[in-house]
Enquirer: 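This is the structure I have questions about; it appears just below.
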Number of protein chains: 4
Amino acid sequence: MIDAVHEQWSIEFNSGIPVYKQIINHICSALASGSLKEGDRLPTIRQLHEQFDVNPNTVAKAYRELELTGIIATERGNGSFIKAGAEPERLSEVDQREKLQSFYRRMLTEAAGCGLTEDQLINHIIERKKDEPVH
Amino acid sequence: MIDAVHEQWSIEFNSGIPVYKQIINHICSALASGSLKEGDRLPTIRQLHEQFDVNPNTVAKAYRELELTGIIATERGNGSFIKAGAEPERLSEVDQREKLQSFYRRMLTEAAGCGLTEDQLINHIIERKKDEPVH
Amino acid sequence: MIDAVHEQWSIEFNSGIPVYKQIINHICSALASGSLKEGDRLPTIRQLHEQFDVNPNTVAKAYRELELTGIIATERGNGSFIKAGAEPERLSEVDQREKLQSFYRRMLTEAAGCGLTEDQLINHIIERKKDEPVH
Amino acid sequence: MIDAVHEQWSIEFNSGIPVYKQIINHICSALASGSLKEGDRLPTIRQLHEQFDVNPNTVAKAYRELELTGIIATERGNGSFIKAGAEPERLSEVDQREKLQSFYRRMLTEAAGCGLTEDQLINHIIERKKDEPVH
DNA sequence: GTGGTCTAGACCACC
DNA sequence: GTGGTCTAGACCACG
């Protein structure tokens, strides 16, 4: 069953990252990793609403943006699908580094606010990697 | 010079984390790391305003929250100070793991939204660590 | 109609007591008197803004402080509610006496500044009490 | 010793009433009650500063305003004195009622914020009156 | 110089 | 519609 792709997604309210953007991220991520491909059917708004307790309007907003950027196509009364030729965003090497930098720095700042050090962060990441080498 | 503690702080606009919360994080972090101690004077609202080009009200909001939560004490017309007995938030092992999980997951999701993989993230973090082994 | 609780509140500008603190006082008072209970919805920021001609930001500041002190909980896009377990501040006998002393002394001093005597104050209070024996 | 008039004054920081206005109030009050009369010498700025831990500038501001309104006269290097013909502010009956109303309402609101009722306030005032019938 | 309060108005996320 | 964040700018009290 194709809809299973979203079963390990997580939505964090109060994370600062808009919920609708988290949904977009998850879909783009699935696209990049290959778990979603051209023509695949996305979970319906109702499904996401029920699974993550996200307001349907918020899901709709995510899908609307994805449609505007040409990633998905919505067929009325039939659901939404990954568009033919949809490509996950490609960043230049430089932009990638910058993004990574930015993400990491943010994580550090937030962690620091809770009294967590960079070493603790790194240890956690490494251990996590060891625990789930497959997946 | 005591005021120097904030000279390496950084504020990221558009990071999703409210600016005022970033300021709070920086202060809590400094408290946890020991670079700020009981009785130390914080940078004035206007200093932070000028240094980071943040609106004074935004800084004031951060300081107000810190005061309400018992971390700092404000003396009218005289500045703000780390309160006697102010304790950096102490998390249990479990809560720490949870926080770390949450931060990391968030970073992953966002990175994925840009087409960046977990491996890229980890590589970036490791390299960064190698580049600045000290400090 | 639940929202009616705030219909007899009054805000005095130029009283020396910050407007946002007056709002907090009114809510704490309603909590203590029982006219607001766990789970009750507070008037929205915009309602108070319109009713008292107070800037929405000022109302928001009051609500924010109430949230930080654990009295109310705010649901984004949905309003603010009295938190489960919210307790009106309980003062010891001694502290009560002290507070009452302090309030009264303050009133006396101010009255005196206008040439009003303690007797005039007391008479006024007693007459007021006689006029509105109920409610 | 004339300077004794201010020995029972009290200054409340954080009461919302500006400190300099509290000083003014005390002096006007003393004038109304007769404990200060034409030609009497006021406590020096330094005295008030030391006794109440009020910044000298703040005392100076109070005296400056009193001078502007014609209540006191300052002789350089010699101190400040109640001016000949100085009269405590006289309010019309109506204004008096209004002031009293306003003071009382404020006291009620503040007390309510601490969970204190009007009855408690009234009882406190009555008891206080009984305890110190003289003075 | 310090912080505190308030206003006005903008934009955003969420219901 | 709800609250959240931020800016800009004013005025005040206090040191």
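Every chain is numbered from 1 and lettered A, B, ... according to where its sequence line falls, protein lines coming before strand lines.
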Enquirer: Give Thr58(A) one of three labels, base, sugar-phosphate or nothing, depending on what nucleic acid heavy atoms sit under 4.0 Å from its own.
Expert: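 Answer is sugar-phosphate: Thr58(A) comes under 4.0 Å of backbone atoms only.
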Enquirer: At under 4.0 Å between heavy atoms, what does Val54(A) touch on the DNA or RNA strands: base, sugar-phosphate, or nothing?
Expert: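 Answer is nothing: Val54(A) stays at 4.0 Å or more from every strand.
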Enquirer: Rounded at 0.5 Å granularity, tell me how far CD1 in Ile72(C) sits from CG in Leu66(C).
Expert: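 One gets 5.0 Å once the value is rounded to the nearest 0.5 Å.
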Enquirer: Grab the CZ-C1' distance between Phe13(A) and dA13(E) for me, whole Å please.
Expert: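 Rounding to the nearest Å, CZ of Phe13(A) and C1' of dA13(E) are 12 Å apart.
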Enquirer: Under 4.0 Å, heavy atoms only, any strand: does Asn78(B) hit a base, just the sugar-phosphate, or nothing?
Expert: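 Counting heavy atoms under 4.0 Å across all strands, the contact made by Asn78(B) is with sugar-phosphate only.
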Enquirer: Between Arg46(B) and Asn57(C), who's closer to the 5' end of DNA chain E by nearest nucleotide?
Expert: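 That would be Arg46(B).
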Enquirer: DNA chain F: Glu75(C) or Lys61(D), which has the more 5' nearest nucleotide?
Expert: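 In this pair, the answer is Glu75(C).
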Enquirer: For Pro18(B) and Tyr63(C), find the nucleotide of DNA chain F closest to each by heavy atoms; which residue's nucleotide sits nearer the 5' end?
Expert: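 Nearest nucleotide further toward 5': that of Tyr63(C).
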Enquirer: Could you pull out all residues at least two apart from Arg106(B) that satisfy side chain to side chain donor-acceptor pair (under 3.5 Å)?
Expert: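 Arg106(B) satisfies side chain to side chain donor-acceptor pair (under 3.5 Å) with Glu110(A), Ser102(B) once adjacent residues are dropped.
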Enquirer: Looking at Glu65(D) and Lys61(D), is any side-chain nitrogen of the basic one under 4.0 Å from a carboxylate oxygen of the acidic one?
Expert: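 Salt bridge between Lys61(D) and Glu65(D), a charged N being under 4.0 Å from a carboxylate O: no.
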Enquirer: Once side chain to side chain donor-acceptor pair (under 3.5 Å) is applied, do any residues pair with Tyr63(A), and if so which ones, sequence neighbours excluded?
Expert: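 In terms of side chain to side chain donor-acceptor pair (under 3.5 Å), with neighbours along the sequence ignored, Tyr63(A) is linked to no residue.
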Enquirer: Are any non-hydrogen side-chain atoms of Phe52(A) and Val19(A) less than 4.5 angstrom apart?
Expert: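 No, their side chains stay 4.5 Å or more apart.
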Enquirer: In whole Å, what is the span from the CD1 atom of Ile45(A) to the P atom of dC15(E)?
Expert: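 Distance, rounded to whole Å: 14 Å.
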Enquirer: As an exercise, state the distance from CG of Asp40(C) to CD1 of Ile27(C), rounded to the nearest 0.5 Å.
Expert: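 Reported to 0.5 Å precision, the distance equals 11.5 Å.
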Enquirer: Under a 4.0 Å threshold between the charged nitrogen and the carboxylate oxygen, would Arg64(A) count as salt-bridged to Glu67(A)?
Expert: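 Not counted as a salt bridge, because no side-chain N and carboxylate O are separated by less than 4.0 Å.
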Enquirer: Whole angstroms only, please: what is the OH-P distance between Tyr20(A) and dC14(E)?
Expert: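 Going from OH in Tyr20(A) over to P in dC14(E) covers 8 Å.
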Enquirer: When Watson-Crick pairs (N1 to N3 and N6-O4 or O6-N4) and G-U wobble pairs (N1-O2 and O6-N3) count only below 3.5 Å on both distances, what is the dot-bracket string of DNA chain E, with | for other-strand pairs?
Expert: ||||||||||||||.
Enquirer: Can you list every pair that meets side chain to side chain donor-acceptor pair (under 3.5 Å) and has a residue in residues 21-30 of chain B, with sequence neighbours left out?
Expert: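 Passing the test, one end in residues 21-30 of chain B: Ser15(B)-Gln22(B).
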Enquirer: Identify the 5'-most and 3'-most nucleotides of DNA chain F with at least one atom closer than 4.0 Å to a non-hydrogen atom of chain B.
Expert: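 Range of nucleotides within reach of chain B: dT5(F) to dG15(F).
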Enquirer: Quick check: on DNA chain E, is the nucleotide nearest Asp53(C) upstream (toward 5') of the one nearest Lys21(A), or the reverse? Name the residue that is more 5'.
Expert: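 By nearest-heavy-atom nucleotide position, the 5'-most residue is Asp53(C).
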Enquirer: Considering only distance and modelled atom types, tabulate donor-acceptor pairs under 3.5 Å from the side chains of residues 76-83 of chain B, sequence neighbours left out.
Expert:
| from | atom 1 | to | atom 2 | distance (Å) |
| --- | --- | --- | --- | --- |
| Asn78(B) | ND2 | Glu75(B) | OE1 | 2.8 |
| Ser80(B) | OG | Thr74(B) | OG1 | 3.1 |

